[in-house]
Amino acid sequence: MKQYIFPNQEPKSTAQLMSRAETLAGLTLGELADINKIKVPVNFKREKGWTGQLLERCLGATAGSKSEQDFAKLGIELKTIPIDENCFPLETTYVCYAPLLDVAGIEWRSSNVRNKIQQVLWVPIDGRREIPPRDRRIATPFLWTPSSEQDHQLRMDWEELMEMISLGNIENITAKHGQYLQIRPKAADGSALTDAIGKNGQKIQTRPRGFYLRKEFTSQLLADYFGL
DNA sequence: GAGTGATCATAA
DNA sequence: TTATGATCACTC
């Protein structure tokens, strides 16, 4: 039986990180969890972020909820993405919280969204619902940096959405806005509230929101990588 | 069935 | 409460 070593240490180089990631390809989540003596949930009704956290541990990401890339020294963000039999994404991809206050002067170039996804290590996983979590298989991880075209696609949506926020129209933003980047609620439940800019520039309370990459966006980079 | 809005676990 | 990791599940 092949031995896999998964140090809980931050990788020192991109090459080392990629080398670790490549050894994961072909493993099921169950196999990977067993190696690390971690229990696999029967479903993700409760532990929705389990897969991402498993991969973080296996690749040596710095744990925690810090607002920076998973591999800060390498400038690389880790994202697992569930795919179907055609390598098409099954879910949108959360990027970061949407700023709802003090948004004047924020530019795309220095935005949270752009910063977060400058370099992403995508770990596609067969996430078909009919496959139990422990049998879901990890596909080939790959490193991605937005092309100038992709950067532009996201910038257009981001600017439209941020303008609405700055003008006090957060309550009018729905997930239907944005062709590639959307804004949706992001909270423990509907009771969570945060400050935002209201219609007349006053402070209001609203549900916290997050930026998400639509499947139309992530499917492009998956197709590019897999040569589809 | 797809997609939007809602929700779950955890850390600090 | 904000932020990390996301998927669930109801409505259209």
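Fair warning: this is a prediction, and the values are worked out from it, not measured in the lab. Chain identifiers are assigned alphabetically (A, B, ...) following the order of the sequence lines, protein sequences preceding nucleic acid strands; residue numbering begins at 1 within each chain.
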Students often get this wrong, so: under 4.0 angstrom with heavy atoms, is A:Leu193 touching a base, only sugar-phosphate, or nothing?
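The answer is sugar-phosphate, as A:Leu193 gets under 4.0 Å only of primed atoms, P, OP1 or OP2.
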Any base atoms under 4.0 Å from A:Gln69, or only sugar-phosphate, or nothing? Heavy atoms, all strands.
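Contact class for A:Gln69: none.
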For A:Glu163, does the CD atom have more than 12 heavy-atom neighbours from other residues, nucleotides or ligands under 6.0 Å away?
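12 or below, so no.
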Mind grabbing the angle between the end helix axes of the helix from B:dG1-C:dC12 to B:dA12-C:dT1? Five pairs an end, 10° rounding.
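The value is 30°.
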Which residue, A:Lys215 or A:Ala188, contacts DNA chain B at a nucleotide closer to its 5' end, judged by nearest heavy atom?
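Closer to the 5' end of DNA chain B: A:Lys215.
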Can you tell me if A:Gln53 touches the phosphate of B:dT10, counting only side-chain N or O atoms and a distance under 4.0 Å to OP1 or OP2?
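Indeed not, no polar side-chain atom of A:Gln53 lies that close.
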Which residues, ordered by chain and number, are linked to A:Val42 in its hydrophobic cluster, where ILVMFWY side chains connect at heavy-atom gaps below 4.5 Å, directly or through other members?
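Besides A:Val42, the cluster holds no residue at all.
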Roughly, in whole Å, what's the span from [atom1] in [X] to [atom2] in [N]?
{"X": "A:Trp50", "N": "B:dT10", "atom1": "CH2", "atom2": "C1'", "result": "15 Å"}
{"X": "A:Tyr97", "N": "C:dA6", "atom1": "OH", "atom2": "C1'", "result": "12 Å"}
{"X": "A:Ile183", "N": "B:dA6", "atom1": "CD1", "atom2": "P", "result": "15 Å"}

Does any N or O donor sit under 3.5 Å from an N or O acceptor when you compare the side chain of A:Lys186 with the base of B:dG5?
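Absent.
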Footprint string (nucleotides 7-12 of chain C, 5' to 3'): B base within contact, S backbone only, - free, heavy atoms under 4.0 Å:
BBB---
